[in-house]
Amino acid sequence: MIIRRTVLLLVLMAFFVLPNQASAHFQLVYTDAVVLEKPTTMEMRLVFGHPLENSHVMKMEKPLEFYYVHKGKKVNLLSSLQSIMWQGPSNKAAAYETQVKAKRNGDYIFVVVPAPYYEKSEDIYIQQITKSFVNRGGFPSGWNEPLGLKTEIVPLNKPTNVFVGSTFSGVVLSNGKPVAEAELEIEWINGSPDLNKNRFGASRVDPPSTSIVAITDVNGVFTFGIPRAGDWGFAALGVGPDKTHNGKELSQDAVIWIRASDLK
Ligand SMILES: [Cu+2]
């Protein structure tokens, strides 16, 4: 009887829990403060994980590209990356760190082009071309401009200064063209990143039972109402022009991170 109940429970779990889990992959380009007043050396981390579910972290290979764009000028950061191990709630995985000086006013737009990651459970490669933003001095300088990436999300609201209760909109581009009906997964960093210990903290909320999804309109635009302060990530799935890698399907995704705060 107990065995039967256990089997039934496992079947139910497989049916109801596994397919519904809100566990989208997200490439993180993370730093603690995204609005800087003084010249600052930023601690940056590149981590590949499931931020809302706050479950296992995935192994990153050395990225193909990592740089920032400041007032139209590209500053290569690839050679500054150092390998680290990042601790998730259930495992550790290879990640990267670096320190970046922000001396001048304006927007620092970070871009990582990761090496494609082989996801066994889906038998596909995933490559999340990811943008995140830091502003110094309150002077905007290009956060709303496309960077000419294979695929990217261009923000329509200032990504370093989004308030809880307002909305965030963006345009999904592939080869510079808006993508209609693109599906986006939306997540919030549930376990606060601890950059001293290179780990995610404990989950602060129970993740929703299914993923949060938005679809772009005919102009490639999506909008999401921000319910909580912190880091929100948007991943447009499979929108990039590259469709295969090593003879297998490639999901080339565009990811953007924004920082939301409470209006006090
Ligand atoms: Cu994963």
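Position 1 is the first residue of the sequence; numbering continues from there. Whatever order the structure lists them in is the order used to number ligands and atoms, beginning at 1.
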Requested in this report: Take Tyr96 and Phe66 through the ring-ring contact (aromatic ring centres under 6.0 Å, His included) test and state the conclusion after the steps.
Outcome: CA-CA 11 Å; Tyr96 289 87; Phe66 180 52; 9.3 Å; no

Query - His25: its N/O/S atom lying closest to the Cu ion (ligand 1) (atom name) - result: ND1

Query raised in the report: Does the ring center of Trp257 lie less than 6.0 Å from the ring center of Phe26?
Result: yes

Requested in this report: Determine, for Tyr67 and Lys74, whether the Lys NZ or Arg CZ falls below 6.0 Å from the six-membered ring centre while staying within 45 degrees of the axis.
Outcome: yes

Report task. Specify whether an N/O/S atom of Ser121 falls short of 2.8 Å from the Cu ion (ligand 1). Result -> no

Query raised in the report: Below 6.0 angstrom between ring centroids: does that apply to Trp86 and Phe48?
Result: no

Requested in this report: Decide, counting backbone as well as side-chain atoms, whether His50 has an N, O or S atom less than 2.8 Å from the Cu ion (ligand 1).
Outcome: yes

